[in-house]
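Heads up, the thing below is written out as structure tokens.
These numbers were taken from a predicted model, which means no experiment stands behind them. Within every chain, numbering begins at 1; the chains are lettered A, B, ... in the order of the sequence lines, protein sequences first and strands thereafter. When reading the values below, keep in mind they use all heavy atoms of this one structure, side chains included, and skip hydrogens, waters and symmetry mates.
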Protein chains: 4
Amino acid sequence: MPKDTYFNLAEDKRKRVIDAAIEEFSTHSYHKARITAIAENAGIAKGSFYQYFKDKKDLFKHIIDLTVDKKLEYINQDMMKNIKNHGFFQLLQETYLSGVRFAKDNPRLLAIGVKLTNNKDLQREVWGDQQDKTLSFYKQLLEVGITKGELESDIDIELVSRLLSGLNYSLIDIVYKDGKIDLDGLVNEKGIVDKMISFIENGIKKNNNE
Amino acid sequence: MPKDTYFNLAEDKRKRVIDAAIEEFSTHSYHKARITAIAENAGIAKGSFYQYFKDKKDLFKHIIDLTVDKKLEYINQDMMKNIKNHGFFQLLQETYLSGVRFAKDNPRLLAIGVKLTNNKDLQREVWGDQQDKTLSFYKQLLEVGITKGELESDIDIELVSRLLSGLNYSLIDIVYKDGKIDLDGLVNEKGIVDKMISFIENGIKKNNNE
Amino acid sequence: MPKDTYFNLAEDKRKRVIDAAIEEFSTHSYHKARITAIAENAGIAKGSFYQYFKDKKDLFKHIIDLTVDKKLEYINQDMMKNIKNHGFFQLLQETYLSGVRFAKDNPRLLAIGVKLTNNKDLQREVWGDQQDKTLSFYKQLLEVGITKGELESDIDIELVSRLLSGLNYSLIDIVYKDGKIDLDGLVNEKGIVDKMISFIENGIKKNNNE
Amino acid sequence: MPKDTYFNLAEDKRKRVIDAAIEEFSTHSYHKARITAIAENAGIAKGSFYQYFKDKKDLFKHIIDLTVDKKLEYINQDMMKNIKNHGFFQLLQETYLSGVRFAKDNPRLLAIGVKLTNNKDLQREVWGDQQDKTLSFYKQLLEVGITKGELESDIDIELVSRLLSGLNYSLIDIVYKDGKIDLDGLVNEKGIVDKMISFIENGIKKNNNE
DNA sequence: CATGAATGAGCCTTCATTCAT
DNA sequence: CATGAATGAAGGCTCATTCAT
């Protein structure tokens, strides 16, 4: 949690600090990221940095918080608040699409998130149980889907929720590479998402009855 | 490539070095891994380390090579050499199962591999184009499956190959956490793999015809 | 080029750093010179050193720059700017004398300069083409001398310029040894320089016409 | 002084060691020269090196001894043994020419000698009073020359002997650069030496009586 | 005598953090 | 609240020399 001095800062300066931090953390691992560089790029004194944040981790956590906030903005809140009024695959599609939109608009935040994924220790310190929340969300979706008769009733919710979460990662990975759009041979994001949904709906086995 | 001195080393000492290295690299990122710690844990002088390896990267590459060799031992070579004689889902199941077995037996090597995934620069230096090879493998599997009429002919091979690769990662991630078995609520590996194969075959949508 | 922090340093501290550096570089080759020793003798932390200079070479270049500046102070600028108004041997004498005065006042800088002479690679990095400038200076002097009829017109300018430059080194070498005055059996600098000039003017062959 | 084991070595192996040492010392400063490299290039074990020589310095001194021996081979012994039967300038020319011939035939030994010149501490340890011997030689030459009436009787022998020695260095420096012949614009060695002798005989002042 | 593995002191450099002004 | 100089722990790496076989 940043210090009070940070929140009392002029909007402009606070933005410069955040911008510099995002730039540094998105291009370097947590440990290789240098607060010296951040201070320089933000145009503040190195000492000032420690007036705003307790230490490097304090800043990083703050950046992650901002990232989570930003991510939430991309989720269709109306839809999510009324899960029961929508079909399972519609909700899943919207979930995936919101992730793609976020990634497209915030490539640097995406890069930071991906890096965090690869550092379990840090993730535990910073995220706590965020991952569990994500899984819970998918589980909830699945349960409703089953209840409404949209999904096979004998699926393993624990497993499938993890697969859906994993597929979301894959999707992001496919659509964006190193912060750059990468749609070689893939029509467009919407098309990809649709195909993924279809994959999840029906699998890939040839249905001989057709 | 380690120096000759390394290969001339007594079996016992070489093992200690490798063990210490695997321990260090599996618990620290490449950059945070300390050769000082490796030397200490292996019971050799720091200077000796540099008689065996050119530098830190030389050792790391060697560990990766060992990992790749180990991984190959888990793949059913007979089956893979006669792809056309087996069904697509059978091959996929075997592929996934071999990964699970490797992970179960070599949790530390798995951890190193996962870390490498998160460091694209290092990966490029060490792996070259191994990732592409993996994708090519899945593509080949898919093509044969379509030809043989096992799979829907209109699937997007490029996309699905990436999904299958991603699901493999998810699988490993589900079964093992931080090098520790994690089968809470999940019957067993075989069961999980079977369920995943089923997921990929048929999807999760309720088939009302049944 | 030292960093800004260096130039912002208190006069006193900057002097201590430079003094320690000159002491170290004048008594050790560039590669044997230890920045650890310099930091210790300057009474600063090793880390502080790197706040002032990028690296060892940065410091060394700075010392060389200071040496060049100091050397220039000893040259009679009025005389050199009006080469044509003075006799060749008068100019040569002044050139040699300025070198002697510099060496006498700055024996440690002299030692550094001599060491640099022996490390061609370093010299190239630090000096660029300074050596050529020195030769050009002597050549210019010789050409003017010939034009004015003071010198034999058939001398090999290329060769003689190198000899004059070499004699200058010899002179410095004679007058100062390891930073200590060494006038054993030699009256005084002025006397030596006069004798050298005479040597260059007339040679040492007995003139039987006299 | 090398150990007895060294002198008992097979001619061939001893030669390989010396060759490797000369190669290393001629291309690196004494401190940067690596005995590891010497052992490798000589095709001997590093441990063997220490069976032949006490340490690095022991080897270096030996190389210098060999260099001095080699240098002596180039001096016209007959002429030097009968100094009194030859003219001063004839002897000086021969002295200089022998130096040029040595340099031409042994560029690597020359390089080692030049490096040694730049390391006074090492020079003292290795050469002891060799430099004094050189100066004594020139002094003797000068004294005989004066006695025989060839030279001006009022020259400062101490000074001139050093100048003649210095000019010899200049000559070598002019003729050979970095172990490579460098006669740009200079007719040939003999021509240069003749011009230098002329320079020493008559100086460069225009003689108006001519 | 040959061998080559083992050693460890020591070097340069980096960087998060502190602290006096 | 701003500043930026000061700090020092720590890391990777080099190499002459020793020593057991």
### Query
How does each nucleotide of nucleotides 16-21 of chain E score, in 5' to 3' order, for protein heavy atoms under 4.0 Å: base (B), sugar-phosphate only (S), or none (-)?
SBB---
### Query
Does D/N8 place a side-chain N or O at less than 4.0 Å from the phosphate oxygens OP1/OP2 of E/dC1?
yes
### Query
If only side-chain N and O atoms of D/Y6 are considered, is one of them under 4.0 Å from the OP1 or OP2 phosphate oxygen of E/dC1?
no
### Contacts of B/K46 that satisfy salt bridge (charged side-chain N to carboxylate O under 4.0 Å, His left out) - sequence neighbours left out
none
### Task
Determine, for C/D121 against C/R124, whether the closest basic-nitrogen to carboxylate-oxygen distance falls under 4.0 angstrom.
yes
### Task
Report the distance from atom CZ of B/F53 to atom P of F/dG12, rounded to the nearest whole Å.
15 Å
### Query
Which whole-number value in Å describes the distance from C/Y52 OH to E/dT13 P?
17 Å
### Message
Can you pull out every side chain to side chain donor-acceptor pair (under 3.5 Å) where at least one residue sits in residues 48-63 of chain C? Sequence neighbours excluded, please.
### Response
C/Y6-C/H62, C/K57-C/E125
### Query
Considering heavy-atom distances to DNA chain F, does C/L9 or A/A45 have its closest nucleotide positioned more toward the 5' end?
A/A45
### Message
Is there a side-chain contact between D/K3 and the phosphate of E/dC1, meaning an N or O under 4.0 Å from OP1 or OP2?
### Response
no
### Message
Restricting to side chain to side chain donor-acceptor pair (under 3.5 Å), what partner residues turn up for B/N106, sequence neighbours left out?
### Response
B/Y74
## Note on the structure
When pairs are called at under 3.5 Å and a stem needs at least three consecutive Watson-Crick or G-U pairs, the stems of DNA chain E are E:2-21 with F:2-21
### Query
Who passes side-chain contact (heavy atoms from CB on, under 4.5 Å) against D/K71, sequence neighbours left out?
D/F102
### Query
Hey, what do you get for CZ (A/R14) to CG (A/N8), rounding to the nearest 0.5 Å?
8.5 Å
